[in-house]
Amino acid sequence: MEKKKRIVIALGGNALGNTLPEQMKAVKITAKAIVDLIEEGCDVIVAHGNGPQVGMVNNAMIALTHEDTEQPNTPLSVCVAMSQAYIGYDLQNALREELLNRGIDHIPVATMITQVRVDADDPVFQSPSKPIGKFVSEEQANIMEEKYNYVMKEDAGRGYRRVVASPKPVEIIEIETIRTMVEAGNVVIACGGGGIPVTRQGNHLKGASAVIDKDFASCLMAKELNADFLIILTAVEKVALNFGTPDEKWLNDVSVEEAAQYIKEGHFAPGSMLPKVQAAVDFAGSKPGRTALITLLEKSRDAVQGKTGTMFHL
């Protein structure tokens with residue numbers, strides 16, 4: 001019997017929508033693409049972003065402190081946990097429904113609320129730069145800095161936003177549980193939003209005021225689970241050099257060495273395509289036989305079959 005391919009899928013924001021009603025619709029489309037891969041005989045683990053969702057939860061928690069002065073401010077790590085749960089709720093139900101629609105009734109789907117350890121000494125904590133939440137006035141920003149100890153920065157003339165650190169993930173706390181669930185035949189949703197950021201203090205895990213890039217967390221999870229594929233889903237079918245210029249060139253098949261050179265030459269936008277390519281290079285370069293793919297959600301089955309997407313390999 002041929003060994004099943006093990007795939008970690010990193011869902012981009014376009015797979016989840018920006019509001020609750022949008023998310024309900026988006027996950028149904030997303031579930032079809034994921035179940036396509038399950039029908040191909042693959043073990044699938046799903047990670048996802050949470051950009052709009054964690055911002056919405058954070059804003060709601062701030063509004064609560066305005067309504068009730070006795071209510072303490074909610075830590076960002078708790079907001080990430082909340083976003084993991086409600087995204088997982090919609091996503092696992094959509095996946096279960098799509099599996100049953102196709103007559104597949106023997107594959108359980110579950111969401112793992114996942115903590116991801118970061119290094120408390122990571123230098124990015126000294127220079128937070130990742131914006132979250134809504135734009136506010138300078139006056140509001142000053143109040144938030146004083147009241148909540150937030151770091152607020154002006155953003156291109158549009159107002160002020162909170163900025164937090166985005167440290168690299170170093171350990172997935174629940175990885176053994178995730179592995180056990182996958183090996184038992186479950187479809188597992190894990191590392192939502194890059195994971196709940198925590199630092200270790202003895203035996204205690206303390207929530208960190210940070211967000212973890214979901215592509216880096218997905219890469220770490222894929223390596224820990226010895227996956228065959230890491231599929232990073234985004235808004236384009238393939239990665240391009242000189243994107244948006246007359247010299248634009250779409251990439252089909254790229255070696256780790258070639259991709260590293262393209263990164264060095266500055267072809268990929270920070271905060272957009274760059275972390276995706278970096279994660280793809282990290283995974284593909286970590287062990288022979290591992291492949292990373294970057295493509296559109298609806299093209300994921302074709303990408304695994306080598307028909308489209310940008311493929312990264314040793």
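Quick caveat, the model's predicted, so the values are computed rather than measured.
Not one N or O on the side chain of D302 forms a donor-acceptor pair closer than 3.5 Å with the backbone of K307. A donor-acceptor pair under 3.5 Å is absent between the side-chain atoms of S166 and the main chain of K130, judged by distance alone. Although no hydrogens or angles enter the test, the distance criterion places no donor-acceptor pair under 3.5 Å between the side chain of E146 and the main chain of N142. Between the S83 side chain and the V80 main chain, a donor and an acceptor come within less than 3.5 Å of each other.
Look at R200 and E171 and you find a salt bridge, because one of the NZ, NE, NH1 or NH2 atoms lies within 4.0 Å of a carboxylate O, short of that distance. No salt bridge links D228 with K5; every basic N to acidic carboxylate O contact stays at or beyond 4.0 Å. Look at R179 and E176 and you find a salt bridge, because one of the NZ, NE, NH1 or NH2 atoms lies within 4.0 Å of a carboxylate O, short of that distance. A salt bridge links K223 to D282: at least one charged side-chain nitrogen sits closer than 4.0 Å to a carboxylate oxygen.
Using a 4.5 Å heavy-atom threshold, the side chains of S286 and R290 count as touching. The side-chain heavy atoms of Q115 and L205, taken from C-beta on, include a pair separated by under 4.5 Å. Side-chain contact check for I231 versus L37: some heavy-atom pair is nearer than 4.5 Å. Residues V198 and V118 fail the side-chain proximity criterion, which asks for heavy atoms closer than 4.5 Å. Considering only heavy atoms from C-beta on, L11 comes within 4.5 Å of I9 through its side chain. Within the 4.5 Å cutoff, no side-chain heavy atoms of I189 are placed close to those of M112. Between M56 and T19 there is no side-chain heavy-atom pair separated by less than 4.5 Å. V277 places a side-chain heavy atom less than 4.5 Å from the side chain of I263.
Y86 and N50 share no side-chain donor-acceptor pair at under 3.5 Å. In summary, the side chains of Q92 and T111 do present a donor paired with an acceptor at a separation below 3.5 Å, with no hydrogens or angles considered. A donor and an acceptor atom, one from each side chain of K287 and N226, are located under 3.5 Å apart. Using a 3.5 Å distance cut-off with no hydrogens or angles, the side chains of Q261 and E257 do not pair a donor with an acceptor. Counted by atom type alone, T65 and Y148 present one or more donor-acceptor pairs between their side chains at under 3.5 Å. Of the N and O atoms on the side chains of N242 and E248, not one donor lies less than 3.5 Å from an acceptor on the other residue.
Annotation for A259 and V281: closest pair CB-CG2, 3.4 Å, computed over non-hydrogen atoms. Counting all heavy atoms, side chain and backbone alike, G192 lies closest to Q84 at O-NE2, 3.0 Å. Taking every heavy atom of both residues into account, V8 and A227 meet most closely at CG2-CB, 4.1 Å. Closest approach of A165 to P128, counting heavy atoms only: N-CB, 3.5 Å. When all heavy atoms of A284 and F312 are compared, the pair lying nearest together is CB-O, 3.4 Å. Contact record, A10 with S218: CB-OG, 3.4 Å, taken as the closest heavy-atom pair.
Put simply, SG on C191 and CD1 on I175 are 6.5 Å apart, with the number rounded to the nearest 0.5 Å. Separating the CG atom in L293 from the OG1 atom in T310 is a distance of 8.5 Å, to the nearest 0.5 Å. Going from atom CD of E298 over to atom CG of L296 covers 4.5 Å, rounded to the nearest 0.5 Å. For the atom pair OG of S300 and NZ of K32, the computed distance is 13.5 Å after rounding to the nearest 0.5 Å. Once rounded to the nearest 0.5 Å, the distance linking OG1 of T69 with CG of L64 reads 10.5 Å. How far CE of M144 is from CG of N149: 12.0 Å, rounded to the nearest 0.5 Å.
One hydrophobic cluster, built from ILVMFWY side chains closer than 4.5 Å, holds both I232 and L251. M221 and I87 end up in different hydrophobic clusters when Ile, Leu, Val, Met, Phe, Trp and Tyr side chains are linked at under 4.5 Å. Following chains of ILVMFWY side-chain contacts shorter than 4.5 Å, one can reach V236 starting from V254, so the two form part of one hydrophobic cluster. The cluster map of Ile, Leu, Val, Met, Phe, Trp and Tyr, joined by side-chain heavy atoms under 4.5 Å apart, puts V188 and L220 in the same cluster. No continuous path of ILVMFWY side-chain contacts below 4.5 Å connects V109 to V182, so the two sit in separate hydrophobic clusters.
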*List the steps, then state whether side-chain contact (heavy atoms from CB on, under 4.5 Å) holds for H313 with S255.*
CA-CA 5 Å; H313 55 83; S255 72; 4.2 Å; yes

*With salt bridge (charged side-chain N to carboxylate O under 4.0 Å, His left out) as the test, would you mind laying out the steps for R161 and E154 before giving the verdict?*
CA-CA 6 Å; R161 291 180 81 185; E154 198 272 336; over 6 Å; no

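Applying the salt bridge (Lys or Arg N to Asp or Glu O under 4.0 Å) test to E39 and every residue at least two apart in sequence or in another chain returns R102, R301.
A cation-pi arrangement, defined by a distance under 6.0 Å to the six-membered ring centre and an angle within 45 degrees of its axis, is absent between R158 and F135.
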